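See structure below.
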Amino acid sequence: MMETTNVDTMVGVIDKKMNRQLKQYLDICARCAICKDACHQYVTTGDFKYLPARRAELIRQIYKKYFTKSGQFVPELYEARDPDENLLDELYESAYACTGCRRCMYYCPFSIDTAWILSVAKGILIAAGRGDEMLSQLADAAIMKGDEPEMFHDVLVEGFKDIEAELREELGDNTIEVPVDVKGADILYVGLAGSHTIKPAARIFHEAGQSWTLSLFEAANYGFFFGDGAKATKIAKRFMDEAVELGVKEVVITECGHAYRVAKLFYEAWSGEKMPFKVSHILEVIDRFMAEGRLKLQPGAITEPITYHDPCQVGRNGGIYEEPRRIVEAISADFRDLTPNRAEQWCCGGGGGLVALTDMEDMRLKSGDKKVEQIRKTGATVIASPCENCRLQMEDLVKANDLDLKVMAVMDLVVEAMY
Amino acid sequence: MELFLQITAVWGVYLGIGVFVIGMGWRVYEWMSTPRSPVALGMFPKPKTGVGRFFKALKDTFIAPQTAKISPWMWVFAFLFHIAALAAFVGHLRLVQEFTPLANLLGEDGMSAFAAWSGGIAGSVMMVAVMFWILRRTFGPYKQLSVPEDYLLLFLLFGVIIMGNHLRFFGHVHAETYMEWFQSLLVFKPVLPAELLATTTGWSLGAHMLFTVLFLIYFPFSKLTHTIGSLAANMTRSE
């Protein structure tokens, strides 16, 4: 039995996170378990703890006990219970394993957002001191960088200049730039740690003659995966403030799923600020360049059979389905879409920060079976996907399943197809 | 039998309807008085206009095309059950007010035959669907996921339906008698017609009403609030 104060804290988390949608989700689930066939983790492992309705049920059990009269009156009817150590263990497995792909929500006849319910579970775990350590540390490191930018500024800029020098040497073109801190630039491009998201973008912006500047901060948001809204806001705020300060017209997020969703769909609501610029995904921008004739690409440049994976946070949860397909189809000779695709796309298994969690690695690799099956059916030897976590997961799947498959960012393909 | 019917078919009806109406009202009040999520929880694709989103939510709620795709059998039984339940509900409205134009059209015998067929089909479909759900909950992950509430609701529903079917297929009482009884409740001058008390059908009606009253009382505190909540939740998916 847990101490009363701990129970109070955990129940307080639900109270704090309570909103109309959450209340409805907790009240109306019929436990019909239609969601069982939607979850890649449940389908591939058959493990009950990954059944979406079961994951949500853990929170529902506390909700019934503390937030409903009927649950207080006859807890047995709902299996309502106090949060104890066992429940926390179950919550940890269920919540941090969830990739937040929301495929279960798509198929649920009541549209119950299990991932949203599990964000409450993560809040409870954090309040109980049981939040995931790894994700927490990654989030804190990012926040520290935002709190003391001057400590990092010169080192970062030096690194970017190195990337620029490398690019110039590789291309034999001294006009290509990796601009930083440019006031009045049209676009603030937010990449990821490492040069792989910066180099192709620099070439594409250069080719299109686009005015841009590179953010000092990376787009990735471990605060979001950790489940702490305040941390997630702080992490995104770093480049949002930068964008305001530089006076850009558009913030462009690199090929990363969750960062795009955070910046585009969550940030304004979280921060309560109306941002004076629009937020786009880099693939929307490339698609625009192509439509405007600013980026000439070689049709059919990619000759190998190629397929495209919709990252959940870009597709189902971000609304970008067609732009990447237009780009990939324009530059490849043999495009083969996965089945199912778009809104029904299977999660690759790497989302939700799962690629950073070593204790769930076995399950993560197993949960990719559906993706492997889909890819094998197409016979493609290249897969493009605009999300770092998807790519890391699929590279692991290639090794684990001995696939003959190259995992690529869409930008890299675009660069290959440039004249 | 008279006391039993007094409890189930007179006072129980008032209690059941009262708890149901107040309970459902309270549930709606609780939802409406809780602020909405500041973050849009929708997913894509979604229609661009508000009207489009509303119609998508209607379709998601009443047709549930995604569910049909992933779980066709569940969809078939759920769809048939809900249609049959609606038909049964509409049929019961005859207790409040005779469907005069239809009765005139079909004649007395025609109306009885129509009621027997439509009511019989609706009751049978519901019975099969509930049996499917009971069986489904008995095996595999469905059993692990189920809580006592699920079985209680299915049990009550099964009781309502079985006794309703019993009245429909084996009852010896005519519609006019039920109308007399039910309309007397509506004007708060409850009468238990002698014809009801004279045959064993009275016991069957009492049992039908007992299950119905318990079902109505429990309804607002159960997952069956999805009847009013699913449209709102489906709206959220399209927002």
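Quick note: numbers below take in every heavy atom, side chains included, and nothing from hydrogens, waters or symmetry partners. Here the structure is a predicted model, which is why all the values come from computation and not from measurement. Throughout, protein chains are lettered first and strands after them, A, B, ... in sequence-line order, and every chain is numbered starting at 1.
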*May I ask you to decide if A:Y106's main-chain N or O and B:R237's side chain share a donor-acceptor pair within less than 3.5 Å?*
yes

*Answer with side chain, backbone, both or neither: which region of A:E57 has an atom nearer than 4.5 Å to a non-hydrogen atom of chain B?*
side chain

_Greater than 12 external heavy atoms within 6.0 Å of A:M275's CE_ = yes

*Measuring heavy-atom distances to chain A, does B:P35 have an atom under 4.5 Å in its side chain, in its backbone, in both, or in neither?*
backbone

Please report, to 0.1 Å, the donor-acceptor pairs under 3.5 Å made by any side chain of residues 146-159 of chain B, with sequence neighbours excluded.
{"residue": "B:S146", "atom": "OG", "partner": "B:R137", "partner atom": "NH1", "Å": "2.8"}
{"residue": "B:S146", "atom": "OG", "partner": "B:Y142", "partner atom": "O", "Å": "2.5"}
{"residue": "B:E149", "atom": "OE1", "partner": "A:R31", "partner atom": "NH2", "Å": "2.7"}
{"residue": "B:E149", "atom": "OE2", "partner": "B:Y218", "partner atom": "OH", "Å": "3.4"}
{"residue": "B:E149", "atom": "OE2", "partner": "B:K223", "partner atom": "N", "Å": "2.7"}
{"residue": "B:D150", "atom": "OD1", "partner": "A:R31", "partner atom": "NE", "Å": "3.1"}
{"residue": "B:D150", "atom": "OD1", "partner": "A:R31", "partner atom": "NH2", "Å": "2.9"}
{"residue": "B:D150", "atom": "OD1", "partner": "B:K223", "partner atom": "NZ", "Å": "2.8"}
{"residue": "B:D150", "atom": "OD2", "partner": "A:R31", "partner atom": "NE", "Å": "2.9"}
{"residue": "B:D150", "atom": "OD2", "partner": "B:V147", "partner atom": "N", "Å": "2.8"}
{"residue": "B:Y151", "atom": "OH", "partner": "B:R137", "partner atom": "O", "Å": "2.9"}

*Between A:Y25, A:W116, A:F266, which residue shows the highest count of heavy-atom pairs closer than 4.5 Å to chain B?*
A:W116

*So which of B:A64, B:S238, B:A233 has the biggest tally of heavy-atom pairs under 4.5 Å with chain A?*
B:A233

*Contact leader toward chain A among B:G229, B:P38, B:P141, where contacts are heavy-atom pairs under 4.5 Å*: B:P141

*Side chain / backbone / both / neither for A:D27 at chain B, heavy atoms under 4.5 Å*: both

*Residue-level contacts of residues 230-237 of chain A with chain B, using a heavy-atom cutoff under 4.5 Å*: none

_Most contacts with chain B, counted as non-hydrogen pairs under 4.5 angstrom, among A:I112, A:L26, A:D37, A:L22_ = A:D37

_B:Y14 atom OH, neighbour heavy-atom count above 12 within 6.0 Å_ = yes

*Best-contacting candidate, B:I63, B:T236, B:L231, against chain A by heavy atom pairs under 4.5 angstrom*: B:T236

*Given the options A:I320, A:L51, A:N317, which has more heavy-atom pairs under 4.5 Å with chain B than any of the others?*
A:N317

*Drop me the distance from B:T61's OG1 to A:F110's CZ, to the nearest 0.5 angstrom.*
9.0 Å

*asked:* Please rank B:V39, B:N234, B:I228 by heavy-atom pairs under 4.5 Å with chain A and give me the top one.
replied: B:N234

_B:S37 side, atom OG; A:K23 side, atom NZ - distance, nearest 0.5 Å_ = 14.5 Å

_Heavy-atom cut-off 4.5 Å, strictly under: side chain, backbone, both or neither for A:F48 against chain B?_
side chain

_Heavy-atom pairs under 4.5 Å with chain B: which of A:A343, A:A38, A:C32, A:A53 has the most?_
A:C32

*Under 4.5 Å from a heavy atom of chain A, the part of B:M74 involved*: side chain

*What part of B:M235 lies closer than 4.5 angstrom to a heavy atom of chain A: side chain, backbone, both or neither?*
neither

_Checking an interface table here. Which of residues 58-77 of chain A come within a heavy-atom distance under 4.5 Å of chain B?_
A:K64, A:S70, A:E76, A:L77

_With side chain to side chain donor-acceptor pair (under 3.5 Å) as the rule and sequence neighbours excluded, what pairs involving residues 69-88 of chain B come up?_
A:E344-B:K69

_Could you measure the distance from the CG atom of A:N19 to the CG atom of B:L41? Nearest 0.5 Å is fine._
7.0 Å

*Non-hydrogen side-chain atoms of B:H226 and A:Q24 separated by less than 4.5 Å*: no

_More than 12 heavy atoms of other groups within 6.0 Å of B:F44 CZ_ = yes

_Donor-acceptor under 3.5 Å (B:T67 side chain, A:Y107 main chain)_ = yes

*State, to 0.1 Å, how close A:I34 and B:I70 come at their nearest heavy-atom pair, and which atoms those are.*
CG2-CG2, 3.7 Å

*Select, from A:R54, A:R102, A:K36, the one with the greatest count of heavy-atom pairs under 4.5 Å involving chain B.*
A:R102

_Contacting moiety of B:S222, where chain A heavy atoms sit under 4.5 Å_ = backbone

*asked:* Nearest 0.5 Å, please: how far is CD in B:Q144 from NZ in A:K49?
replied: 11.5 Å

